[in-house]
Each structure stands twice: as structure tokens, then as C-alpha cells.
Amino acid sequence: MQSFVLSFITDDRPGIVHELADAVASHGGNWLESRMIQLDGKFAGLARISVPEEGATQVVEQLKNHSDLNLIVEHVPEEDQTDTVRYTLDIVGNDRPGIIFETTRVLAEQSINLIEIASHVAPAPMSGIPMFNCSATIGVASALSPQELEQQLNNATTELGVDIHVEEYSGG
């Protein structure tokens, strides 16, 4: 089997994911995981697929024939099993510019790998003040406890005015 990561963006319309999944399935491939979202009339996504050796070239060509998609297909080697500990990182606070910038700066300075991140701004229930919410999965090379890691992040980001909570990763 060969593995590929697909990344794409296009104008939103029904059937986009089905067309991609059809190209994969028609060549005996398997849709392994994906993250997709519609934002302001655009539809964007990432997907990891595997395809039998004999169908790999054909599936890549079929995927690239979608003229309305800005599509990148990357061949990836077998998944590398690194010796990291995963944690879930939740950040909540009054919205302001720079929260992602400062948080990712601290993560990079501490050699913490950002594996997955999702954020949004929504009004607080009682006050209506815009609140920043972020959930991330991070990979830490050293065996810090969630409490130690949370303390380090809070110390380094006190000027952000956000609450950071770290717990052991329980996802798949």
C-alpha cells in the first residue's frame, strides 16, 4: 500500500467529498482519516488515504483531474512512531489579536510539536464579549506531567490573559 495526504480548497458545493472518496474507492483505496470545514463559502480539507501499489498512479491522476479543486497530493512514507507524549491543550479567554501567535511561539520555544488545532471566537453567554476558544493536541518529547506542562505554559503566557488547561490525550 502507498499512503498519500490530500489537501484541497474549492468553492463550496455539494458532492466534493463524495467525488474524492469515489476516486479513492474506485482504485481499491482506503480513506483513513480527514479534517474538513466550510469557511465563508469555501470548502477546505485534508485527508490521509492508502492505495494499493498497482492503483496509486491512477488514483493520483484521477484526483488531479478535478479542475475546480486546488488540490495537492503528497506521497508519505509509513507513519513514523516517535517517542512523544500527547496532551490536549485548551485555551479560553477574551478575544484579542495575537493569542495564536504568542501561544505557538511558546510551544515552539519549548520544542512542543503542534499536532492538531481548532479555534473559534464566539460571544460569551452572559456578557456577549467575544471569547477565544482553542483546542489542540500537542506532542511533548519529555515526560512532563500534564500539571507541570500546564504550569510552564501558564508561566510563559501570563501576558495573554487566557486560561490554559492541559490534560492527558485520550483520542485515537
Side-chain angles (χ1 to χ4, degrees), residues 3-13 16-17 20-21 31-49 63 66 68-77 79-172:
S3 293
F4 297 91
V5 171
L6 316 177
S7 62
F8 66 89
I9 186 168
T10 188
D11 292 331
D12 189 33
R13 63 175 172 74
I16 298 165
V17 176
L20 296 172
W31 193 278
L32 301 172
E33 64 182 314
S34 60
R35 304 289 187 281
M36 299 178 199
I37 191 166
Q38 187 267 348
L39 296 168
D40 289 335
K42 296 291 183 181
F43 190 73
L46 291 168
R48 185 169 62 94
I49 64 170
L63 288 167
H66 291 275
D68 64 332
L69 290 176
N70 291 317
L71 176 72
I72 298 171
V73 180
E74 290 283 329
H75 181 268
V76 292
E79 194 171 318
D80 183 25
Q81 299 296 325
T82 58
D83 192 23
T84 60
V85 179
R86 287 187 179 196
Y87 294 104
T88 300
L89 177 68
D90 291 308
I91 304 168
V92 177
N94 290 338
D95 186 41
R96 68 169 188 78
I99 296 173
I100 292 287
F101 171 75
E102 290 296 328
T103 303
T104 56
R105 178 189 56 78
V106 169
L107 294 174
E109 286 174 354
Q110 296 185 27
S111 298
I112 296 173
N113 190 24
L114 186 59
I115 297 168
E116 184 174 359
I117 186 169
S119 65
H120 69 277
V121 175
M126 298 295 279
S127 66
I129 294 172
M131 295 295 292
F132 175 81
N133 293 275
C134 177
S135 181
T137 303
I138 57 175
V140 181
S142 62
L144 292 174
S145 73
Q147 297 78 19
E148 292 171 316
L149 180 58
E150 184 173 326
Q151 186 60 48
Q152 285 185 7
L153 290 171
N154 278 314
N155 289 343
T157 60
T158 54
E159 70 278 359
L160 287 176
V162 296
D163 291 324
I164 297 176
H165 179 71
V166 179
E167 58 185 50
E168 292 185 34
Y169 178 72
S170 60

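Looking at heavy atoms from C-beta onward, I100 lies in side-chain contact with I117 at the 4.5 angstrom threshold. For the pair E74 and I72, the minimum side-chain heavy-atom distance is below 4.5 Å. A heavy-atom distance below 4.5 Å is found between the side chains of R96 and L160. In this structure the side chain of I138 reaches within 4.5 angstrom of the side chain of L149, judged on heavy atoms. Residues L153 and V106 form a side-chain contact, since some pair of their non-hydrogen atoms from C-beta on lies under 4.5 Å apart.
With rounding to the nearest 0.5 angstrom, the NE2 atom of H165 is 12.5 Å from the CD1 atom of I91. Here E150 contributes atom CD and D90 contributes atom CG; the two are 9.5 Å apart, rounded to the nearest 0.5 Å. E116 contributes atom CD, which lies 9.0 Å from atom CZ of R86 (distance to the nearest 0.5 angstrom). Separating the CG atom in N70 from the CG atom in D11 is a distance of 9.0 Å, to the nearest 0.5 Å. A distance of 10.0 Å separates CG of L69 from CZ of F43, quoted to the nearest 0.5 Å. Note that NE2 of H75 and OG of S3 are 7.0 Å apart. Values are rounded to the nearest 0.5 Å.
Here K42 does not pair with D12 in a salt bridge; the nearest charged N to carboxylate O distance is not below 4.0 Å.
For the pair G128 and P123, the tightest heavy-atom approach, listed with the atom from each and the gap, is O-CB, 3.6 Å. When all heavy atoms of L63 and L6 are compared, the pair lying nearest together is CD1-CD2, 3.7 Å. Between S135 and T88 the shortest heavy-atom distance is OG-CG2, 4.3 Å. For the pair I99 and T103, the tightest heavy-atom approach, listed with the atom from each and the gap, is O-OG1, 2.8 Å. Across all non-hydrogen atoms, the minimal contact from G93 to V162 is CA-CG1, 4.0 Å. Closest non-hydrogen pair, T10 versus D68, comes out as OG1-O, 2.7 Å.
No side-chain donor-acceptor contact under 3.5 Å links T137 to the backbone of I115.
Around atom CD of E109, more than 12 heavy atoms belonging to other residues, nucleotides or ligands sit under 6.0 Å away.
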Using side-chain contact (heavy atoms from CB on, under 4.5 Å), reason through M36 and I16 one step at a time and then give a plain yes or no. CA-CA 11 Å; M36 299 178 199; I16 298 165; over 6 Å; no
